[in-house]
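Taking it in order: structure first as structure tokens, then the write-up.
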Number of protein chains: 2
Amino acid sequence: MKEKDEKTEVRILEAAKEVFTKHGLYGARMQEIADIAGINKALLHYYFRNKEKLFDAVFEGALKKYFEQMMVIGDTSLPVKERLFVFVDNMFTFLEEYPMMAIFILKEVTLNPDVFRQKIKQIKSNQPFLIDVLQDAMDKKEIKSFDPFVFMINLQSLCAYPFIAGPIYKNMFISHGYDWGNTHDNIEKIKDSVKEFITFKFQ
Amino acid sequence: MKEKDEKTEVRILEAAKEVFTKHGLYGARMQEIADIAGINKALLHYYFRNKEKLFDAVFEGALKKYFEQMMVIGDTSLPVKERLFVFVDNMFTFLEEYPMMAIFILKEVTLNPDVFRQKIKQIKSNQPFLIDVLQDAMDKKEIKSFDPFVFMINLQSLCAYPFIAGPIYKNMFISHGYDWGNTHDNIEKIKDSVKEFITFKFQ
DNA sequence: TTATAGTTTAACCAAATGGTTAATTTTTGG
DNA sequence: CCAAAAATTAACCATTTGGTTAAACTATAA
């Protein structure tokens with residue numbers, strides 16, 4: 001049972017997010033969601049008619065947040081390189097908060113891409129896409145020319161994967177007698193290495 | 001029903017791998033595994049006493065394969081840089097074949113790290129670890145000095161993430177009117193960019 | 001106060017699920 | 001060829017699952 005003053009619908013959504021994230025649509029149990037939300041199972045169906053509807057309600061928000069973070073770059077007046085640094089900082093902040101959501105979304109989208117095509121399409125933003133910003137800077141000869149598509153994937157790989165694979169690395173390192181140290185410190189080191197990669201790419 | 005001449009146990013393991021990969025231990029259905037294997041559900045329990053036992057049987061092999069690929073570097077007589085190129089080639093070949101397994105393992109390990117600590121520990125290899133090879137080359141001044149731990153994560157990020165997030169990118173690009181082109185060609189481009197990263201890091 | 005709409009619950013239900021049993025078919029070895 | 005062992009199946013079973021129903025509680029507003 002969570003805080004009593006919180007609105008039931010919010011509690012349900014939080015609980016559902018937790019359970020769906022852990023087990024996916026298929027493996028999630030309505031009873032577990034109800035338990036975590038501290039309510040009766042029937043009330044779940046009162047607020048969200050069925051499992052898929054509840055899943056959609058939880059998921060739509062998360063997906064939007066994720067893609068906005070992944071694709072969009074803040075529209076400031078800074079030079080491109082500085083904007084990318086801000087982008088990296090945002091990515092790390094976001095991923096440190098939602099590491100499980102990242103892997104969950106990746107898996108769900110991978111499993112049935114067609115279901116998500118519609119939802120991804122709907123996500124619009126008034127901020128420019130990373131890839132367009134890069135292309136623009138290249139056209140203006142502000143930065144060295146390279147494939148912005150490959151660069152974007154490289155960049156997101158360097159940011160996202162350490163979070164996705166974090167637990168594996170930790171286990172592996174400790175198992176094999178390496179020193180893991182403080183997790184946040186390691187994340188900072190990795191963040192720096194990403195910025196180093198940007199600097200390298202920009203000449 | 002799959003090929004009749006294949007041994008039942010193998011067919012079960014293949015079917016189980018497929019279903020567990022899609023839905024995880026929690027969401028997988030024994031009936032679906034039986035159907036895909038083309039057998040009775042009771043026969044499943046005849047070969048593997050219960051769901052967890054079957055899961056373990058499937059998973060143990062996959063986990064081993066995955067970690068050996070991820071951690072280990074071929075012990076050839078080539079210089080370190082060339083050995084890393086071979087490592088990258090192997091990673092891409094492996095991931096192109098098992099893209100779903102990668103994300104599956106990542107999620108399962110992330111969900112309950114403690115369960116996998118034991119299994120990961122058991123995986124031994126007679127080939128040296130990437131991280132040790134790098135440290136050795138640095139000690140011998142063969143390559144520029146940097147943090148081998150961060151480098152290993154960077155390298156694996158650049159290799160693995162494009163496969164994990166592949167379907168997302170494809171959807172996103174097409175949705176926003178970019179040209180995706182041929183998937184394998186894109187993979188080759190990304191592979192080249194990883195090698196470029198190695199070259200940059202090695203001076 | 002009281003009628004009303006919104007919220008929450010206990011008790012159900014039909015279907016699905018993991019697992020078992022006992023019988024049947026197939027393979028094996030003498 | 002035959003009997004023992006191994007492989008396979010149909011028919012079950014107990015429990016869990018998503019979902020429903022009807023009643024009860026609570027806030028609201030006239």
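In the text below, chain A, chain B and the rest are named by the order of the sequence lines, each starting its count at 1. As the structure is a prediction and not an experimental result, all values here were calculated from the model.
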Using a cutoff of under 3.5 Å, can you pull out all pairs of nitrogen or oxygen atoms linking the protein to nucleotides 14-17 of chain C, with atom names and distances?
residue: dT17(C); atom: OP1; partner: Arg29(B); partner atom: NE; Å: 3.1

Partners passing side chain to side chain contact (heavy atoms under 4.5 Å, CB included) against Asp136(A) (at least two apart in sequence or in another chain):
Lys140(A)
Figure out the CD/C1' separation between Glu9(A) and dT7(C), and round it to whole Å.
12 Å
Side chain to side chain contact (heavy atoms under 4.5 Å, CB included) partners of Asp179(B), counting only residues at least two apart
none
Asn40(A) atom CG is separated from dC12(C) atom C1', nearest whole Å, by 12 Å
Can you measure Phe48(A) atom CZ to dT7(C) atom P for me and round it to whole angstrom units?
12 Å
Nearest-angstrom distance from the residue atom CD1 of Ile12(B) to C1' of dT8(D)
11 Å
Take the protein atom NZ of Lys7(A) and the nucleotide atom P of dT7(C), then report the distance between them rounded to whole Å.
8 Å
By the salt bridge (charged side-chain N to carboxylate O under 4.0 Å, His left out) test, which pairs, at least two apart or in different chains, include something from residues 153-176 of chain A?
none
Show me the protein contacts with nucleotides 5-7 of chain D, counting only N or O atoms at under 3.5 Å.
residue: dA7(D); atom: OP2; partner: Tyr46(B); partner atom: OH; Å: 2.9

Any residue meeting side chain to side chain contact (heavy atoms under 4.5 Å, CB included) with Asp192(B), in chain and number order, not counting sequence neighbours
none
Side-chain donor-acceptor distances from residues 146-156 of chain B under 3.5 Å, at least two apart:
residue: Asp147(B); atom: OD1; partner: Phe149(B); partner atom: N; Å: 2.9
residue: Asp147(B); atom: OD1; partner: Val150(B); partner atom: N; Å: 3.3
residue: Asn154(B); atom: OD1; partner: Ser193(A); partner atom: OG; Å: 3.2
residue: Asn154(B); atom: ND2; partner: Ser193(A); partner atom: OG; Å: 3.2
residue: Gln156(B); atom: OE1; partner: Tyr169(A); partner atom: OH; Å: 2.4
residue: Gln156(B); atom: NE2; partner: Met70(B); partner atom: O; Å: 2.5

Report yes or no: is the cationic atom of Lys195(B) (NZ for Lys, CZ for Arg) under 6.0 Å from the centre of the six-membered ring of Phe85(B), at an angle within 45° of the ring normal?
yes
Can you name the side chain to side chain contact (heavy atoms under 4.5 Å, CB included) partners of Ala42(B), sequence neighbours left out?
Asn40(B)
Between side-chain atoms of residues 24-34 of chain B and protein atoms elsewhere (two or more places apart, or another chain), which donor-acceptor pairs fall under 3.5 Å?
residue: Arg29(B); atom: NH1; partner: Gly27(B); partner atom: O; Å: 3.4
residue: Gln31(B); atom: NE2; partner: Asp35(B); partner atom: OD1; Å: 3.0

From CD of Glu32(B) across to C1' of dG18(C) the rounded distance in Å is 15 Å
Without decimals, in angstroms, what is the distance between His23(B) NE2 and dT17(D) P?
17 Å
In whole angstroms, the gap separating C1' of dC12(C) from NE2 of His45(A) amounts to 14 Å
Donor-acceptor contact present, side-chain Asn186(B) to main-chain Gly181(B), <3.5 Å:
no
